[in-house]
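Read through the structure below, which is laid out as structure tokens, and then see the notes.
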Amino acid sequence: MTVVAFSCARFTPADLTEFEAVAEPKLRLGHWAGVIRETGREHDRLLVLLPGVDRPVFRFERDGRGRYSLSFNDRSGWYGIGSGGTAAECLSIWRPRPRSDRSVSVL
């Protein structure tokens, strides 16, 4: 029997499920126009398209060492806006933050 090693540069099914949890409502509500997958020897990427924009604006990537990054493209290039050891950690910037029960009073 031959066993093929899973590449560290590939998203796992759990990674894709984590991304889908973020992407589905954004796609359904029309905030995102689509997602394109780009896979290479040293990376696996999900590129996010926004309505009315002719290029990918966000990039979620897993590199050859298994690290995750989230980047934003402002036409000048890609800028990191998130990273992590897991997909969930990297994508946490897009997760809603829990509301604080504390009231703020202004004196």
The test is side chain to side chain contact (heavy atoms under 4.5 Å, CB included); show your working for I36 and L49 and say whether it passes.
CA-CA 8 Å; I36 300 168; L49 303 167; 3.6 Å; yes

Between E89 and Y68, is a side chain to side chain contact (heavy atoms under 4.5 Å, CB included) present by the stated rule, with each step listed?
CA-CA 9 Å; E89 189 178 300; Y68 299 86; over 6 Å; no

Let me see the working for T39 and R45 under side chain to side chain contact (heavy atoms under 4.5 Å, CB included), right down to the final yes or no.
CA-CA 6 Å; T39 302; R45 296 178 180 145; over 6 Å; no

Given side chain to side chain contact (heavy atoms under 4.5 Å, CB included), test V35 with L46 step by step and report yes or no.
CA-CA 6 Å; V35 177; L46 295 171; 4.0 Å; yes

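Atom CZ of R65 has 12 or fewer heavy atoms from other residues, nucleotides or ligands within 6.0 Å. No more than 12 heavy-atom neighbours from other residues, nucleotides or ligands sit within 6.0 angstrom of CZ on R41.
When all heavy atoms of R62 and T12 are compared, the closest pair comes out as NH1-CG2, 3.4 Å. In this structure, C8 and G64 approach most closely via the heavy-atom pair CB-O, 3.4 Å. Contact detail for C90 and S69: the closest heavy-atom pair is SG-C, 3.4 Å. When all heavy atoms are compared, the tightest approach of W78 to P56 is CH2-O, 3.9 Å. Residues S71 and G80 approach most closely at OG-CA, 4.1 Å, considering heavy atoms.
Between the CG atom of L47 and the CZ atom of R37 there is a distance of 11.0 Å, given to the nearest 0.5 Å. To the nearest 0.5 Å, atoms CG (L50) and CZ (R55) are separated by 8.0 Å. A distance of 7.5 Å separates NZ in K26 from NE2 in H31, rounded to the nearest 0.5 Å. Here CZ of R59 is found 12.0 Å from OH of Y79. Values are rounded to the nearest 0.5 Å. Taking NE2 of H43 as the reference point, atom OG of S7 lies at 11.0 Å (rounded to 0.5 Å). Distance check: E61 CD to S83 OG gives 12.0 Å after rounding to the nearest 0.5 Å.
Under a 4.0 Å N-O distance rule, the pair D15/R10 does not qualify as a salt bridge. The pair D54-R75 meets the salt-bridge criterion, with a side-chain N (NZ, NE, NH1 or NH2) lying under 4.0 Å from an Asp/Glu carboxylate O.
Contact annotation: the side chain of L91 approaches that of E18 to within less than 4.5 Å [non-hydrogen atoms, C-beta and beyond]. Side-chain contact between L70 and I93 is present, with heavy atoms from C-beta onward closer than 4.5 Å.
Between F58 and F72, the ring center distance clears the sub-6.0 Å criterion. Taking the six-membered ring for Trp, F60 and F11 have ring centres closer than 6.0 Å.
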